[in-house]
Amino acid sequence: MADFSDESIASLSKKLQAGEVSSREITESFLKSIEKLNPKINAFIRVEKETALKEADEADKRIADGGTEKLLGIPLGIKDLIVIKDGLTTCGSKILENFKSPYSATVIEKLREAGAVLLGKTNMDEFAMGSSNETSYFGRCKNPWNLDTVPGGSSGGSAAAVAARLCPGTLGSDTGGSIRQPAAFCGVAGLKPTYGRVSRFGLIAFASSLDQIGPFARNVEDCALILQAIAGYDSMDSTSADIPVPDYSKSLDEGVKGTVIGLPKEYFVGGVDTAIAAIVTDAAKKLENEGAKIEEVSLPHTKYAVAVYYVIAPAEASSNLSRYDGVKYGFRSDNASSLSEMYLNTRTEGFGAEVKRRIMLGTYALSSGYYDAYYLKAQKVRTLITNDFKEAFKKCDLLLTPTTPTAAFNIGEKIDDPLQMYLNDIFTISANLSGIPAISVQGGFTPSGLPVGVQLLAPHFGEPALFSAASAYEKLHGAELSAKKPAV
Ligand code: GLN
């Protein structure tokens, strides 16, 4: 059987359109890779073989009838917090172990319109709370580059699946870095779009003012193709933006001539791995050689981002997760003799330790005696962080930073130390707090062979500029970097 695992979405699409291959052949090839490699990394927690093959056959019919959508016939994986009608959606939690959604998320409807083939659901930290994928109720996912290390989180399964070539693209969600950090750890590209660019209808809520769905793929062009299919206004999500969606593929070859790229000095401080700092500095030089202008800028409130996020995100989570009470959704404890005992035991048995920690932190921050001191104050500092970006974007078009302070850490290394785990999000959180788009692209490797991510950030709805710069940078690596693959 032909093997398509190394091919990008763009190249598979060309072959499908030229009639050189069928979606069924491609889908069978990826299903075979999943069968072989998934037991080693646990990137997929559920594979829907039958429906995927059925969708592949439908895509082949659509192609025969003249369908030209770029994702038509392309197999993708979906993070297990995006609902698909009648299928299971667990959010990586026991409390939703048997939950079947009566409707599909808007992004799923859009992928279906585009003709994508949905292979199954990818692993994640429980309720997207985590940076290592170690809190999944369905077992941890491993980093295909080194099975002793974490793939990042919370969308670790979506990143690892693309890195291990189990599929050419996936959807994830990013509340504080959950697309970009695992993309960096697994050596793939991952984009958090502007807040409101992609509908959140059918995305199980973690922190609603921060959550955003976005793509993972092996390169920038493929991320642009996926975003094109899922972006746009949705009347079912009151926070979705009624702003036209540009043609993202047009920006891919625009280059960076005249683009002013800022290096925020607060992102190049102690604690950043030296190999990572060197790769990001080198990225700036490379982009300068291509005609960009590099400027140092300051985002003075960066140091508060982790503290602000870890008040606001748990506060919103404590409210969002109150709906899991054993009555409306999923798991219900058998072990109760009254209604209040049923609520208590369902939540005690159904949620894992990190989710409970967040609910308690959030409830505390929102409680009447502490609301002003924590939640309100955090919201005020959030505005200062947003203003930092506004000021910086008066001087530059884009910002360039490391995605993470370190490369993938070892399994078990931080799981018992929540503060250390939270600090890993230091460079990704600010983009969520201010709603701006950001992309992580593969920048190279540490001396021990782990991937390093380079992050670019743009003003609201600046995805085209992100794609231009990220794709210019990616092209400078040539084929060498993209040909490297994990030896799982
Ligand atoms: N690691 C962060 C957290 O644990 C971000 C998670 C996310 O973006 N979903 O909250």
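Remember, it's 1-based here, ligands and their atoms both numbered in the order they're listed. For the numbers below, each heavy atom of this structure counts, side chains included, while hydrogens, waters and symmetry mates do not.
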Quiz item: Regarding Asn219 and Glu474, is there a side-chain donor-to-acceptor distance under 3.5 Å anywhere?
Solution: no
Quiz item: Can any side-chain N or O of Gln212 pair as donor or acceptor with the backbone N or O of Lys192 at less than 3.5 Å?
Solution: no
Self-check item: Within-cut-off N or O pair, Gly130 and ligand 1, under 3.5 Å
Solution: yes
Self-check item: Whether Arg358 lies under 4.0 Å from ligand 1, heavy atom
Solution: yes
Quiz item: If you count the atoms of ligand 1 from 1 in the order shown, which ones are under 4.0 Å from a heavy atom of Phe206?
Solution: 9 (N), 10 (O)
Quiz prompt | Nearest-neighbour protein heavy atom for atom 5 (C) of ligand 1, which is reported as residue plus atom name and distance | solution = Tyr309 OH, 3.3 Å
Practice problem: Describe, in one word, how the ring planes of Tyr375 and Tyr371 are oriented to each other, choosing from parallel (under 30°), tilted (30 to 60°) and perpendicular (over 60°). | Solution: tilted
Quiz item: Going by the atom numbers of ligand 1, which of them fall below 4.0 Å from some non-hydrogen atom of Ser154?
Solution: 9 (N)
Quiz item: Can an N or O of Gly176 be found at a distance shorter than 3.5 Å from an N or O of ligand 1?
Solution: yes
Quiz item: Side-chain donor-acceptor pair under 3.5 Å between Thr403 and Gln181, yes or no?
Solution: no
Practice problem: Pick, from Pro182, Ser178, Ala313, Gly152, the option with the minimum heavy-atom distance to atom 8 (O) of ligand 1. | Solution: Ser178
Quiz prompt | Close-contact set for ligand 1 against Met129 heavy atoms, below 4.0 Å | solution = 4 (O)
Quiz item: At what distance is the nearest protein heavy atom to atom 2 (C) of ligand 1, and which residue and atom is it?
Solution: Asp425 OD2, 3.1 Å
Exercise. List the closest protein heavy-atom neighbour of atom 3 (C) of ligand 1: residue, atom name, distance to the nearest 0.1 Å.
Key: Tyr310 OH, 3.2 Å
Quiz item: Can you list the ligand 1 atoms lying under 4.0 Å from a non-hydrogen atom of Ala128?
Solution: 6 (C), 7 (C), 9 (N)
Quiz item: Is there a donor-acceptor contact under 3.5 Å linking the side chains of Thr194 and Glu463?
Solution: yes
Quiz item: Centroid-to-centroid, Tyr103 to Phe201, below 6.0 Å?
Solution: yes
Self-check item: Geometric N/O contact Gly153 with ligand 1, under 3.5 angstrom
Solution: no
Quiz item: Would one find more than 12 heavy atoms of other residues, nucleotides or ligands at under 6.0 Å from atom CZ of Phe331?
Solution: yes
Practice problem: Before signing off on this row, confirm whether Ser173 and ligand 1 have an N or O atom pair separated by under 3.5 Å. | Solution: no
Quiz item: Any luck finding a side-chain donor-acceptor pair between Lys79 and Ser155 under 3.5 Å?
Solution: yes
Quiz item: How about Phe127 and Tyr324: are their ring centroids closer than 6.0 Å?
Solution: yes
Exercise. Determine whether any heavy atom of Tyr422 lies closer than 4.0 Å to an atom of ligand 1.
Key: no
